[in-house]
Structure formats: C-alpha cells, structure tokens
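In what follows, a structure is listed as structure tokens, so that the remarks can point back to it.
Note that these values count all heavy atoms, side chains included, but never hydrogens, waters or copies made by symmetry. Within every chain, numbering begins at 1; the chains are lettered A, B, ... in the order of the sequence lines, protein sequences first and strands thereafter. The structure displayed is predicted, hence computed values, not measured ones.
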2 protein chains.
Amino acid sequence: MQRKSRKDPVAKPGAYHHGDLVTTLLAATTALIEERGVEGLSLREVSKRAGVSPGAPFRHFSTKKALLTAVAEQAMDRLSDALTSAQTKLKSADPAAIYEAIGVGYLDWALSNPTHFQIISSRTIIDFDASSKLVDQNAAIRDRMVDLLLQAQQLGQLPPAVDLNLVILSSRAFTYGLARMAIDGHLSGWHPRETPTKAMRGALRLFMTQLFVPHSR
Amino acid sequence: MQRKSRKDPVAKPGAYHHGDLVTTLLAATTALIEERGVEGLSLREVSKRAGVSPGAPFRHFSTKKALLTAVAEQAMDRLSDALTSAQTKLKSADPAAIYEAIGVGYLDWALSNPTHFQIISSRTIIDFDASSKLVDQNAAIRDRMVDLLLQAQQLGQLPPAVDLNLVILSSRAFTYGLARMAIDGHLSGWHPRETPTKAMRGALRLFMTQLFVPHSR
DNA sequence: CGGCATGTGTAATCGCTGATTACATTTGAC
DNA sequence: GTCAAATGTAATCAGCGATTACACATGCCG
C-alpha cells in the first residue's frame, strides 16, 4: 500500500510521475549490462535501479526483448557515429585507406563497448529484424563499404577479376571475427603476448595489404 | 511419495537406478538444445526427458553450467574428429592445401552443428577454462595450424617476412567470423543470393589465395 | 472551477526457473 | 548378510518475466 513520498519527486521536477522513465530505464539497463553482462540482466534489477516497481517497465516495453532492442538501437547509433568519425578524422580520399580506417574504427568501438557490440550482433537476445532502424543502419554501413570498394576498384587498387561480393563478405567476416574473438575471450589463446588492440590492428593491416593490390600487378 | 514402478526399469537393465543417467542427460540436453536452442534450455525439461526428477541431474552436475560444459566437451571431440577427418580425406601432403581443407572442414562442421559450435565458442554459458579437455584440445588445434604454417613457410609458400602469429590469428579470425556470421544469422545480409556454404567456401578460397604465395614473388 | 478519460506507476499474483535440503531407496564391497 | 556409499525423490526457496487489477496523477473538456 504505502507509497513513497509524493512531496519530493526524486527525478526531474515538473514532469510525469517519474520524469522520463524510458530514458532512465535505457540508462539503467546499459549500466547494468556493463556491470554484470547481458546474461545476468534482470528486469527487476533495472526497475530497482530506476527506482520504480518491477512492473513499471512493461508500460513502456512490452517485453524484456523490446527493452534490449531499444538499447541496441542506441548502440547502433553510436557505432555509426564512431565509423563516420573514424572516416572523417582520417583526412584522405583514398578509398583503400578509408576502408581500413573504418575497419580500425569498428574494432576500436567493439573493444570499447563490448556489451553493446554483443547486443547489436545478437539475433536471440534482441529482435533485430523487428527494428527497421537496426536493419536500415546495418545495411547503410554495408552500402558504404561497397561504395568504397567500387571506388577502389576503379582506381585499380583491387585485383581486376575479384568478386566484390566475396571481398565484402571476407572483410566483414574478418573484422567481425576479430571483434568476437576479443569479446568472447578467445584472443589470448590465439595470439599470446600482445595486447588485443595491437594484435587486432596488426591482423587487420595484414589482411588489407594482402587484399589490396599486392605491391604491383 | 508414490514412486514409479520398480518392476520394469525403463532404461538399461542390470544397471544403476536409472541405467546411466549421465549419458542419458547429455543426450537429452543435446537433443533439447538442438530443438529449442541454448537460451531456452531448462534443467527441468532435461530431467523430464530423461525420465527423472528435477533434482536428479545435480547428483552428476553440480550446476547447469557444468552440464553444458560436459556437452561442450563432447562437441569438441567431434570437432577434432571432423578436422582430422577433413585432413586425412584429402590425400595430399601439401601444407597449404591441408590448411585450407581444415578451414573448410571447420566451416562445414560449424554449419552442420550450429548449437554445438555456439556452445564450445561461448565463455559465458559454459566454464571453458575449468575444463582442461576443452583448453587442451583447443590448443592442440592451434598447434596443428601452426605446424602446417611452419611447413608452408619452409616450402616458400608464404611471404618470407610475414609474422606467423599474425597469420594464425588472421586465419582464425576469418574462419571464426564466417562461422559466427552464419550462425548468428548475419550471412544473408552480407552476401545476398548465395547459399551459406558456397559463400563461405568462396570467401575462404579468396582468403587463402591472398594469403599464400601470390602467384609469384 | 469541477469532472473525467487517459497516462503512468503499484501491488499482488502466476507459472516457471536453478538450486538446496532432507529423505528414501538401491547398489556393491566387505 | 550388513552397511556405507551412491543415486534418485520430494519439498522447498528465492528469483525471474509477465499479467492483472487497482491507485493515482495529469491535463483536457466544459
């Protein structure tokens, strides 16, 4: 019965009951999964941290998966920003260089935001296909990569006979694999005595030099 | 109270109470995760399928994670077998060819046994480091790859200045990335109109030709 | 100003889960 | 044949996601 004091609203004054529960919930969720991982996340803990009852989140997210999908959308935004930032920070119009810079940016972001990376990559803990934002933004990233490859091809930076679809898939598999290895904890076993970032950048560099015009011819 | 008929033991006769609960549990677990995925697996369902009470599994596996780790050990055995089989089936002593064959075998196995692959790759749903079998067998696979690369290097099949540790890491990241993309459902988005197996083999082939001696020099 | 539909949070509850405990039964070694 | 150890059962616990009925605040209508 007994409700908590109505006289001093804890959160933003002059707002709804709570203030802005949606924002608070997303923040609380992000914080909790960064503390204890996605597996151990419970809606009740999120509610407690947000200072509301366990049933409150369901007013805004019909299911736990929906909440996590919303978090994934935020994460995808940040990833997109990180990639464009990596591209613009590199002041160059060389497609191959940009291609690599984006790869490095992708890996850096994944390592800096492991749980977010894990969430947007998963198709079981979120409802990826139900979010047009996630789908579209993912496709947009791919389109950017294809565009860069086309430019590189026109500049003769790629072997002429190469299948662009295979190159795209290879690049994606490579970066995705590196990121997942790091996040899944496989890296130390497969590249001893080297910091993850250095190992990953080295591998990426090797991949790029192998992929793009082999010195001459 | 009332127990089930003792007069006709369902399982193997002339054995313990149940027969061999451990084996039965492992089989039931494998079957259930193949039907409904790892996320939705519950010990109670496993128990029900095995025909025992919900508490019974805890006599043999102190925790759910322990049970799944045991399943992972079985899976790792099968993966190792698949890799050696892929190697022996290819009647060739060419290190580069063997290297690729193992890669193909790895991808084939992952696609044929997605949930098993998922389990042995995870460090959250199983206790990988607690199982010396998993750790050792994983290291053994890596050692085999290193050995092949050393042979290839001696035969001049690799660029002489290349860092072998980076090559190993790259190869692993590449195959792991491909397998995970397929299993995580990313493949269709990154290589439209192509069956997963064909796309993955094509990408792997591209990777190998780029990695090993570029035609000449 | 007063009433009231709507939006928002609470409380209680459901069925399920992993895990623990006390107890019953079977087994095999002595 | 006896008995400690091994194995399975039953009952129970706390915690989970989700649903429902209810309490309250808000802002719009007149």
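- Over its length, the helix from C:dC1-D:dG30 to C:dC30-D:dG1 turns its helix axis by 10°, as judged from the five terminal pairs at each end, rounded to 10°.
- Side-chain contact check for A:H186 and A:R180: no donor-acceptor pair (N or O, by modelled atom type) lies under 3.5 Å.
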Name the pairs: protein N/O against N/O of nucleotides 3-5 of chain D, kept only if under 3.5 Å.
none

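- Protein atom CD of A:E39 is 15 Å distant from nucleotide atom P of C:dG18, rounded to whole Å.
- For D:dG15, the OP1/OP2 oxygens have no side-chain nitrogen or oxygen of A:S42 closer than 4.0 Å.
- Going from atom CG of B:L43 over to atom C1' of D:dG8 covers 15 Å, rounded to whole Å.
- Looking at residues two or more places apart in sequence or on another chain, you find a side-chain hydrogen bond (donor to acceptor under 3.5 Å, both in side chains) between A:Q137 and A:D77, A:S80.
- Taken residue by residue, residues 60-74 of chain B places heavy atoms nearer than 4.0 Å to DNA chain C at B:T63, B:K64.
- Listed by chain and number, the residues in a side-chain hydrogen bond (donor to acceptor under 3.5 Å, both in side chains) with A:T84 amount to none (sequence neighbours excluded).
- Qualifying side-chain hydrogen bond (donor to acceptor under 3.5 Å, both in side chains) partners for B:E35, counting only residues two or more places apart in sequence or in other chains: B:R49.
- Note on A:S53: every side-chain N or O is 4.0 Å or more away from OP1 and OP2 of C:dG9.
- For residues 203-212 of chain A, the salt bridge (Lys or Arg N to Asp or Glu O under 4.0 Å) pairs, not counting sequence neighbours, are A:E100-A:R205.
- Of the candidate nucleotides D:dT9, C:dG18, C:dT8, C:dT8 has the atom nearest to the side chain of A:R59.
- Using the six-membered ring where Trp is involved, B:F207 and B:F174 have ring planes that are parallel, under 30° apart on the 30 and 60° scheme.
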Side-chain polar contacts of residues 191-200 of chain B - donor-acceptor pairs under 3.5 angstrom, sequence neighbours left out - could you list them?
from, atom 1, to, atom 2, distance (Å)
B:T195, OG1, B:T197, N, 3.4

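- For A:S121, the side-chain hydrogen bond (donor to acceptor under 3.5 Å, both in side chains) criterion is met by no residue, not counting sequence neighbours.
- Each of C:dT10, C:dG18, D:dG8 was ranked by its minimum atom distance to the side chain of B:F58; first place goes to C:dG18.
- Among residues two or more places apart in sequence or in another chain, the side-chain contact (heavy atoms from CB on, under 4.5 Å) test is passed with A:S53 by A:A56.
- D:dT9 atom C1' lies 16 Å from atom NZ of B:K48, rounded to whole Å.
- Not a single side-chain contact (heavy atoms from CB on, under 4.5 Å) links A:D81 to another residue, sequence neighbours left out.
- Residues passing the salt bridge (charged side-chain N to carboxylate O under 4.0 Å, His left out) test with B:R201 are B:D108, sequence neighbours excluded.
- B:R44 contributes a side-chain N or O that forms a donor-acceptor pair with the base of C:dG18 under 3.5 Å.
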